[in-house]
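Below is one structure; the comments refer to it alone.
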Amino acid sequence: MNNNLKMENQPTVQVPAVSARTRSQGLNWRSFAAWARAQVNEGNFWLWATLLVGGLSHCWNLFAYPYLENDEGLYSAQAYSVFNEGKLTPYTYWYDHPPLGWMQIGAFMKLVGLNTFGNAVNGGRVFISIVFLITCYFMFKLMVHLTGAWLKTMTMRYVAGFLAVSLMALSPLSIFFQRQVLLDNIMVAWVLAAFYILLVRYPKEYNMLELYGSGVALGIAVLTKEIAIVYVPVMLWLVWRVADHHHRRFAVFGWLFVTSSLVSGWFLYAFLKGELFPSGSFFSGGAKHVSIIDTLKFQAGRGTGLPFWAPGSDFRSNWETNWSTLDKFTPIIGVMGLVICLLVGLLFKSKRNLLIPVLPALVYSVFLLRGGIVLYYYILPLLPWLAMATVMAVSLLVAPLSRLKKPSAVRSTMVGTRLAAVALVVSLGMWQADSGYGERLLTGDQTYGQKLAHNYVLKNIPNDAVIVADDFFYLDLRQPENQALAKNNVHIYFKVDTDPEIGTDLLKDDWRNIDYMLVTLQQMQRDLQARSLPMLNEAYQHSHLVKSFPSREGWELQLRQIDPLEIKKVSFPLGQTVRPGQPFEITVNLASIKNKTLTNFNTLLEIRKDGKKVGQDVKIIDNLSTKNPQTVTFHWEVPADTAPGEYEINVGAFDSTWTQDFMWQVLKDRLTVTQ
């Protein structure tokens, strides 16, 4: 057995035996007291303290900050679809990610209920908080055992685990991203579980079952989010180092077989569905369909392609606008810790354990720096390794203190270590909370406008209206707590142009069949400008603002309605010039652009100057439709005292029978008044 990776077992606590009579009485005060005494040992104390720091930092203000991200709504909707609709996604599953991640979210939602915590995304965040505590547990356990090679007292090892988890948990980067319903959060927990199962073996003898168990955990991580595949080389190296030298090859190939068997299930599913190979290929036939190979090619080709240091690259943009804004401290000291651990781990054979956090961080960093797409939350899987490397590097400095022999010196050192650890974490927490972003994470409310918009749409928009919205609205508008308010025709906005089931089958490739757009300015409006979404852009260009929902923290929304009117023809040359006292006349041919008949409408001509109305004319029309356009002639006599200059012409419509008054601007042009 190879001893380069030195592991030490945590001391066990002998629980007093319970008599048969006590057992027959069930759980009484004696058995409870025995259990409680077993928990009050130093190891469990530090573990519970670690979980307390992680739980408080992430659950405080959980539902208010950060904003409800579009991926959170997407994964929540897909999770619901698996367990309630028998489908992997509400729409066509195009293999953008393996489905096991949102299956885990769906199982939790099924267990606790969809609206137990107010809305679907909130329920997902509660699940992610539990997953984060599991991440903290595995980090703590790994640190305790890995530092055993140079920290000879259990107190120092417990403190190392406590500090590593606290450093990660109190980082604003961690609080911001590890609160969100992201597949990366679930993947990280499974990756750490794989490392834990492989490296922390009880008993010390070589155990093939636990070795293969780590392969199962990593396979689940890959099926949660495919990027976990980058850890396979590190895991294979660790299997080689941990396994007995007599059957290393058997262990490596066995581990690889277990992991690949699980991952291949995703490809087998695609093959059985006839969606493994691209449409038109020899193995696929001519029918058009989604393909896992096409999707993987698409994912691999995303991004700017610029080197990570170049201005405009995804990595540099995220560092400058997102990561360093949230927290410069943790990434910088984390990189310093990685360098120290790498150098010492390579130079000293007895310190090989220092390479454990370094190698996963390095292989994942290669992925980040490759020049492809880097989304703002892609830094998330690095955070545990950065924190572990930082504390491991510091622990090398205090390692000599753990070798003291004099009892009084040992006691003083242990007391000092405990007090210093608590003081460090309290100071770090206060410093982060007092920083600009730390305070916002704990007290801000970035979801305020989103909640207002959600409630307004439920109460004020007809149930049969076709609504396109950001992902996080999808499930909450379709499955509200009060089903009488359900909006069954709400759809995720980018599906309008990317999914034929929505764009072609439902909307008939016609933007006029959309009634409302619920637009997030920071996400949906940005995508309208940056992505090729022609039908959605056309609908946006023919919409007007119904209501704005400002946020207290900069996440703003707009409810827009697709205009029901269209000008077919105008009778005079636009840009006409008139004189004061001269009559002005304009004839407009109006039609409905919706598949509805508009009745009892007042049509208006408004003349405006600097945003103020200076004149108008009103005409009444009825039964306006696409097949029944109507001609309306407006008159305005330019007052003699009208100042020369340019005036804006607005033509619109007003329906006084509606609960609210709406004006649709269907023509904007300039009228020049001269002397």
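What's counted below: heavy atoms across the whole structure, side chains too, no hydrogens, waters or symmetry copies.
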Apply side chain to side chain contact (heavy atoms under 4.5 Å, CB included) to W102 and L74, showing your working. CA-CA 9 Å; W102 59 80; L74 180 63; over 6 Å; no
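For F472, the ring-ring contact (aromatic ring centres under 6.0 Å, His included) criterion is met by no residue, not counting sequence neighbours. Here N70 pairs with nothing under the side chain to side chain donor-acceptor pair (under 3.5 Å) rule; sequence neighbours left out. Under the ring-ring contact (aromatic ring centres under 6.0 Å, His included) criterion, H97 pairs with no residue, sequence neighbours left out. Checked against side chain to side chain donor-acceptor pair (under 3.5 Å), T224 has the following partners two or more places apart in sequence or in another chain: Q104. Here N115 pairs with nothing under the side chain to side chain donor-acceptor pair (under 3.5 Å) rule; sequence neighbours left out. By the salt bridge (charged side-chain N to carboxylate O under 4.0 Å, His left out) test, K225 is found to be paired with D184, residues two or more places apart in sequence or in another chain being considered. Contacts of W266 classified as side chain to side chain donor-acceptor pair (under 3.5 Å), with partners at least two apart in sequence or in another chain: Y93. Every residue meeting the ring-ring contact (aromatic ring centres under 6.0 Å, His included) condition with F308, not counting sequence neighbours, appears here in chain and number order: F315. Residues forming a ring-ring contact (aromatic ring centres under 6.0 Å, His included) with Y364 (at least two apart in sequence, or on another chain): F367.
Side chain of T259 to main chain of L256: no donor-acceptor pair is present (N/O by atom type, distance under 3.5 Å, no hydrogens or angles). Side-chain N or O atoms of S174 include none that pairs as donor or acceptor with a backbone N or O of L170 at under 3.5 Å. Formation of a donor-acceptor pair under 3.5 Å by the N122 side chain with backbone atoms of G118 is not found in this model. Under the 3.5 Å distance criterion, the side-chain polar atoms of N61 are matched with a main-chain donor or acceptor of G444. A donor-acceptor pair under 3.5 Å links the side-chain atoms of S395 to the main chain of M392, judged by distance alone. Side-chain atoms of S313 come within 3.5 Å of backbone atoms of R316 as a donor-acceptor pair (strictly under, hydrogens ignored). Side chain of N185 to backbone of F177: a donor-acceptor contact under 3.5 angstrom is found. Judged by distance alone, the side chain of R352 and the main-chain N or O of F348 form a donor-acceptor pair under 3.5 Å.
Separation of atoms CG (L146) and NZ (K351) is listed at 13.5 Å; rounding is to 0.5 Å. The distance from atom CZ of R179 to atom OG of S129, rounded to the nearest 0.5 Å, is 8.0 Å. Rounding to the nearest 0.5 angstrom, the gap separating the OH atom in Y231 from the CG atom in L359 is 12.0 Å. A distance of 9.5 Å separates CZ of F117 from CG of L62, quoted to the nearest 0.5 Å. Taking CG from L396 and CD1 from I340, the interatomic distance works out to 8.0 Å, rounded to the nearest 0.5 Å. With values rounded to the nearest 0.5 angstrom, S76 atom OG is found 8.5 Å from L114 atom CG.
Of the N and O atoms on the side chains of K328 and S324, not one donor lies less than 3.5 Å from an acceptor on the other residue. Side-chain contact annotation: N322 with T325, donor-acceptor N/O pair under 3.5 Å absent.
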Less than 3.5 Å apart, which donor and acceptor atoms pair up between the side chains of residues 373-386 and the rest of the protein, not counting sequence neighbours?
{"residue": "Y376", "atom": "OH", "partner": "Y67", "partner atom": "OH", "Å": "3.2"}
{"residue": "Y376", "atom": "OH", "partner": "E69", "partner atom": "OE2", "Å": "2.8"}
{"residue": "Y377", "atom": "OH", "partner": "D71", "partner atom": "OD2", "Å": "2.8"}

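Between V252 and the options W237, W240, F257, a side-chain contact (heavy atoms from CB on, under 4.5 Å) holds for only W240.
Counting only residues at least two apart or in different chains, salt bridge (charged side-chain N to carboxylate O under 4.0 Å, His left out) contacts with residues 373-400 are absent. Every pair passing salt bridge (charged side-chain N to carboxylate O under 4.0 Å, His left out) that includes a residue from residues 124-139 is listed here, sequence neighbours excluded: E72-R125.
Heavy-atom neighbours of W190 CH2 from other residues, nucleotides or ligands within 6.0 Å: at or below the threshold of 12.
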